[in-house]
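To start, the structure itself, in structure tokens.
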There are 2 protein chains.
Amino acid sequence: MEGRIDRIKKQLHGASYKLTPQREATVRVLLENEEDHLSAEDVYLLVKNKAPDIGLATVYRTLELLTELKVVDKINFGDGVSRYDLRQEGAAHFHHHLVCIECGAVDEIQEDLLEDVENVVEKRWKFQIKDHRLTFHGICWRCHGKHDENESSD
Amino acid sequence: MEGRIDRIKKQLHGASYKLTPQREATVRVLLENEEDHLSAEDVYLLVKNKAPDIGLATVYRTLELLTELKVVDKINFGDGVSRYDLRQEGAAHFHHHLVCIECGAVDEIQEDLLEDVENVVEKRWKFQIKDHRLTFHGICWRCHGKHDENESSD
DNA sequence: TAGTAGATTATAATCATTATCATATCAAAA
DNA sequence: TTTTGATATGATAATGATTATAATCTACTA
Ligand SMILES: [Zn+2]
Ligand SMILES: [Zn+2]
Ligand SMILES: [Zn+2]
Ligand SMILES: [Zn+2]
């Protein structure tokens, strides 16, 4: 974790920004909740535990800054809020998501899976891909299980 | 066009809704601007030409209704507004998008391309896919051309 | 120490979307 | 034809997320 923060610090310095205490607190919250998909408000509430005096605007600014540096990705699942997702270190592309329409769970797919598709798109549409967003909507294994409970099988 | 409206009318009736004049005007605007990705406000302004007395709330309500019936898909490209995109008749899945980070153009990919990926996801993550959202961010052929204007070739 | 640039805070402003409620439409019942 | 009930609409208010503003604070440096 400390190593990860150090590297983010270096990234900030590389773009001539500083890792202020507020920014560090925000980054720590993101690292400690890597599995989740937090909204700015969520982050704000969690950061308040570490830095009670932080303002909401600072959280927004920090998240924007981290997005610019590609430390996090901003994503929108269709409820009215933006969510912020730590990008895996060294990952060229943003990971994919599985959103369950029954229970609302959001699972992640870290594998790329899109290499072939992207080759086709780059060639056929002459589009130079820099990043992508891929989200599947459907029924997760947990909810699927529930339905099958009293069906024997096929 | 009339045939398309008739079929949407039938879909509405099937769900026991009516095709009111306001709804018809809204659908016509969507059909006439099929290429575009209009926000609710955009649709409102265009519909006003046909039905000057229509209220913004009605447009929002109609778009919500059409989304529910899967006549349109609601999508968000990261600017603060939702956009509404007519689904091709008979298409099982939403189409894909190419968003140019230079000029802002949004192009469409009607081909599915994801069949293989979806098979993998369904099996490996035991996730029953109902729909998807796939957007590529990058540089479109138009902007790419601009850069190459004074570079000979490779 | 004073000056300066950047960062932060509290708060106001903005903007998209949703909720409210009185009115309108329309078809079926009386 | 009038009444009634269900649904739809329009004007407007309310909400909620995000951004802008202005005053204050915090390193650094001359
Ligand atoms: Zn689920
Ligand atoms: Zn994620
Ligand atoms: Zn372009
Ligand atoms: Zn589209």
Side-chain angles (χ1 to χ4, degrees), chain A residues 8-9 11-29 37-69 71-85, chain B residues 8-9 11-30 36-69 71-85:
Chain A
I8 291 172
K9 187 173 179 175
Q11 260 191 280
L12 281 164
H13 286 169
S16 52
Y17 294 113
K18 282 174 271 190
L19 183 65
T20 64
Q22 291 90 338
R23 287 174 183 167
E24 181 171 341
T26 304
V27 169
R28 281 184 189 278
V29 162
H37 296 88
L38 304 173
S39 67
E41 183 81 24
D42 294 338
V43 174
Y44 173 62
L45 293 173
L46 289 166
V47 174
K48 282 221 121 181
N49 300 329
K50 293 182 194 303
D53 290 338
I54 199 170
L56 178 57
T58 300
V59 171
Y60 269 101
R61 272 187 304 249
T62 302
L63 290 171
E64 192 191 354
L65 182 56
L66 294 173
T67 302
E68 189 187 313
L69 295 176
V71 171
V72 302
D73 286 290
K74 190 174 177 180
I75 191 171
N76 190 301
F77 291 124
D79 54 350
V81 294
S82 292
R83 298 179 177 279
Y84 298 85
D85 209 352
Chain B
I8 291 171
K9 186 172 179 176
Q11 258 190 284
L12 281 164
H13 286 167
S16 53
Y17 294 113
K18 281 173 273 188
L19 184 65
T20 64
Q22 292 89 340
R23 285 174 185 166
E24 181 171 340
T26 304
V27 168
R28 279 184 191 279
V29 162
L30 292 171
D36 299 321
H37 295 88
L38 304 173
S39 67
E41 184 81 22
D42 294 337
V43 174
Y44 173 61
L45 294 175
L46 289 167
V47 174
K48 282 219 122 182
N49 299 330
K50 294 181 195 301
D53 291 338
I54 200 170
L56 178 58
T58 300
V59 171
Y60 269 101
R61 277 186 299 240
T62 301
L63 291 171
E64 190 191 354
L65 182 56
L66 294 173
T67 303
E68 189 187 313
L69 295 177
V71 172
V72 302
D73 286 289
K74 191 174 177 179
I75 190 171
N76 191 301
F77 290 124
D79 53 349
V81 294
S82 292
R83 297 179 178 279
Y84 298 84
D85 209 352

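The sequence lines fix the lettering, A, B, ..., with proteins before strands; numbering per chain opens at 1. Reckoned from all heavy atoms, side chains included, excluding hydrogens, waters and symmetry mates.
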Backbone N/O of B/Thr62 and side chain of B/Arg23: donor-acceptor pair under 3.5 Å: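 Checking the backbone N and O of B/Thr62 against the side chain of B/Arg23, no donor-acceptor pair under 3.5 Å is found.
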
Nearest to side-chain heavy atoms of A/Thr20, which nucleotide of C/dA19, C/dA7, C/dT17: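 Among C/dA19, C/dA7, C/dT17, the one nearest the side chain of A/Thr20 is C/dA7.
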
Which nucleotide in C/dA7, C/dT8, C/dT17 has an atom nearest any side-chain atom of B/Tyr60: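 So the nucleotide nearest the side chain must be C/dT17.
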
For chain B, the stretch of DNA chain D it reaches, first to last nucleotide, under 4.0 Å of its heavy atoms: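 So the contact region on DNA chain D extends D/dA8 to D/dA11.
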
What is the minimum heavy-atom distance between [X] and [Y], and which atoms define it?
X	Y	value
A/Ser82	A/Asn76	OG-ND2, 4.3 Å
A/Ile54	A/Lys48	O-CE, 3.7 Å
A/Leu63	A/Val72	O-CG2, 4.0 Å
B/Val59	B/Ala40	CG1-O, 3.9 Å

Pairwise 5' ranking along DNA chain C for A/Thr62 and B/Ser82, keeping only the more 5' one: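 Taking each residue's closest nucleotide, the earlier one in sequence belongs to A/Thr62.
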
Nucleotide [N], atom [atom2] - distance to [atom1] of [X] in whole Å:
X	N	atom1	atom2	answer
A/Tyr17	C/dA7	OH	P	8 Å
A/Asp53	C/dT8	CG	C1'	11 Å
B/Lys18	C/dC26	NZ	P	8 Å
A/Glu24	C/dT8	CD	P	12 Å
B/Asp42	C/dA16	CG	C1'	12 Å
A/Glu64	C/dT8	CD	C1'	15 Å
B/Gln22	C/dA24	CD	C1'	10 Å
B/Glu41	C/dT14	CD	C1'	13 Å

Sugar-phosphate only, base, or nothing, as touched by B/Arg23 at under 4.0 Å among non-hydrogen atoms: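 The answer is sugar-phosphate, as B/Arg23 gets under 4.0 Å only of primed atoms, P, OP1 or OP2.
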
Sugar-phosphate, base or nothing in reach of A/Ser39, heavy atoms under 4.0 Å: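 The residue A/Ser39 makes no contact with any strand.
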
Ring pair (Phe, Tyr, Trp, His ring centres under 6.0 Å) partners of residues 36-59 of chain B, not counting sequence neighbours, each pair once: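 Passing the test, one end in residues 36-59 of chain B: B/His37-B/Phe77, B/His37-B/His97.
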
CA sep, side-chain torsions, deciding dist, call: B/Thr58, B/Arg61, side chain to side chain donor-acceptor pair (under 3.5 Å): CA-CA 5 Å; B/Thr58 300; B/Arg61 277 186 299 240; 3.2 Å; yes

